[in-house]
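Please read the structure below before turning to the comments.
Keep in mind that what you see is a predicted model, and the values were worked out from it rather than measured. Whatever order the structure lists ligands and atoms in, that order sets their numbers, starting from 1.
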Amino acid sequence: MSQKIALVTGGTGGLGTAICRTLADHGFRVVAGYNSGGNHDKAKAWQDKQKEDGYDILVSYGDVTNAESCAQCIATVEELTGGTVDILINNAGITRDGQFKKMSWEQWDEVMSANLDSMFHMTRLVINGMIDKGWGRVINISSVNAQKGQFGQCNYSAAKAGIHGFTKALAQEVARKGVTVNTVSPGYIKTAMVAKIAQEIQDQICAGIPVGRFGTPEEIGRMCTFLCDNESGYITGADMSVNGGLHMS
Ligand code: CAA
């Protein structure tokens, strides 16, 4: 069986790196999509570091807020791998936290573009190829804060909740074509995104997590890999929580 090709957007970031490495551990040909503000040297350095650690991961530039740039990203993936995307992990995302009463349109719009419009741009480019092959996996990374809301995250909670609506609708459209579409909703995971929160607030949040700690990026990689498995074909339209019990639905 030929190696399946997985594209992870935001692949060089905190969660993305762990997702890429876990997928590579399970035999997938992995491409990390990156934006890094157009800093290609940073992505190359990331790739070199993966190589040093024994991971052969390809990289492809793309700004997920921009349709043309996404098309270029997919073209690069096809050129580098000689195949088409079997697995898309829509992981790229940003925060612009602040109370709604003080939130600017820019804070709202940037979060919507990066976290929700990106679902359209990237998925639209690969879904027909998956349907034609009769096999595919789309995994959309949402958040516990889509499920429960979060003080200071009206923009992020709205965008991330929108992701799961998208998942459920698309899952129905492609269910008979061998393509599954699922959401993974991480809780607070040890990444740079969480490290940006003031320490005192981090401590308060951590105190409310039943498991008693923040999650690791590898724990999210593990869930993604599980959903990519051939044996996971009956799981579709689901929202998989990996949150240490912070929110139980
Ligand atoms: N519930 C109710 N009130 C709260 C509150 C809460 N959870 N948190 C803060 N407040 C209140 C404070 O008590 C204070 O009230 P007073 O003004 O009456 O004293 C007020 O809000 C603080 O207001 P400030 O204007 O001083 O706050 P700020 O604008 O400096 O900070 C914030 C607001 C940036 C949103 C800050 O609260 C914060 O960082 N919150 C955490 C947000 C968060 O969890 N982000 C997750 C990022 S990681 C991620 O998103 C990954 C993922 O998927 C999980």
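Geometrically, ligand 1 and Thr95 share no nitrogen or oxygen pair separated by less than 3.5 Å. Considering backbone and side-chain atoms together, Asp97 places an N or O closer than 3.5 Å to an N or O of ligand 1.
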Could you please spell out the steps behind the salt bridge (charged side-chain N to carboxylate O under 4.0 Å, His left out) verdict for Arg21 and Asp25?
CA-CA 6 Å; Arg21 290 167 72 128; Asp25 282 337; over 6 Å; no
Please assess Ser241 against Gln147 for the test side-chain hydrogen bond (donor to acceptor under 3.5 Å, both in side chains), listing each intermediate value before the final yes or no.
CA-CA 9 Å; Ser241 293; Gln147 300 165 321; 3.1 Å; yes
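Atom 44 (O) of ligand 1 has as its closest protein heavy atom Tyr188 OH, 2.7 Å. Here the protein heavy atom with the shortest distance to atom 12 (C) of ligand 1 is Phe151 CZ, 5.0 Å. At the shortest separation from atom 48 (S) of ligand 1 among protein heavy atoms lies Val194 CG2, 3.8 Å. The nearest heavy-atom contact from the protein to atom 51 (C) of ligand 1 is Tyr156 OH, 3.5 Å. Protein heavy atom at the shortest distance from atom 46 (C) of ligand 1 is Gln153 NE2, 3.4 Å. The closest protein non-hydrogen atom to atom 35 (C) of ligand 1 is Gly152 CA, 3.4 Å. Among all protein heavy atoms, the one lying closest to atom 37 (O) of ligand 1 is Ile201 CD1, 3.6 Å.
Interface atoms of ligand 1 facing Ser143, defined by a heavy-atom separation under 4.0 Å, are 52 (C), 53 (O), 54 (C). Each of the following atoms of ligand 1 lies closer than 4.0 Å to a heavy atom of Asn145: 54 (C).
Proximity of atom 10 (N) of ligand 1 to the protein is indicated by at least one non-hydrogen atom lying closer than 4.0 angstrom. Within the 4.0 Å cut-off (strictly below), no protein heavy atom is located near atom 15 (O) of ligand 1. There is a protein heavy atom closer than 4.0 angstrom to atom 1 (N) of ligand 1. Per-atom contact check: atom 32 (C) of ligand 1 does not touch the protein, criterion being a heavy-atom distance below 4.0 Å. Within the 4.0 Å cut-off (strictly below), no protein heavy atom is located near atom 26 (O) of ligand 1. Distance check on atom 19 (O) of ligand 1: every protein heavy atom falls at or beyond the 4.0 Å cut-off.
The pair Asp97-Lys196 does not meet the salt-bridge criterion, since no charged nitrogen lies less than 4.0 angstrom from a carboxylate oxygen.
In the displayed structure, Lys190 atom NZ is contacted under 6.0 Å by at most 12 heavy atoms of other residues, nucleotides or ligands. In this structure, Gln199 places its CD atom where more than 12 heavy-atom neighbours from other residues, nucleotides or ligands lie under 6.0 Å away. Heavy atoms from other residues, nucleotides or ligands lying under 6.0 Å from CD of Gln99 number more than 12. At most 12 non-hydrogen atoms from other residues, nucleotides or ligands lie less than 6.0 angstrom from NZ of Lys177.
A side chain to side chain contact (heavy atoms under 4.5 Å, CB included) with Thr9 is found for exactly one of Asn35, Ile89, Asn90, Val31, namely Asn90.
Ligand 1 lies less than 4.0 angstrom from a heavy atom belonging to Gly187. Under a 4.0 angstrom heavy-atom cut-off, Ile205 registers as being in contact with ligand 1.
Taking SG of Cys20 as the reference point, atom CG of Leu7 lies at 8.5 Å (rounded to 0.5 Å).
Put simply, the side chain of Asp117 never gets that close to the backbone of Thr65: no donor and acceptor are under 3.5 Å apart. In terms of modelled atom types and a separation under 3.5 Å, the side chain of Ser232 and the main chain of Phe226 share a donor-acceptor contact.
Between the side chains of Lys42 and Thr12, not a single donor N or O lies within less than 3.5 Å of an accepting N or O.
Between Gln50 and Thr17 the shortest side-chain heavy-atom distance falls below 4.5 Å.
One option in Gln99, Lys196, Met103 has a heavy atom closer to atom 23 (O) of ligand 1 than any other, and that option is Gln99. Here the shortest heavy-atom distance to atom 29 (O) of ligand 1, taken over Met193, Lys102, Lys148, belongs to Lys102.
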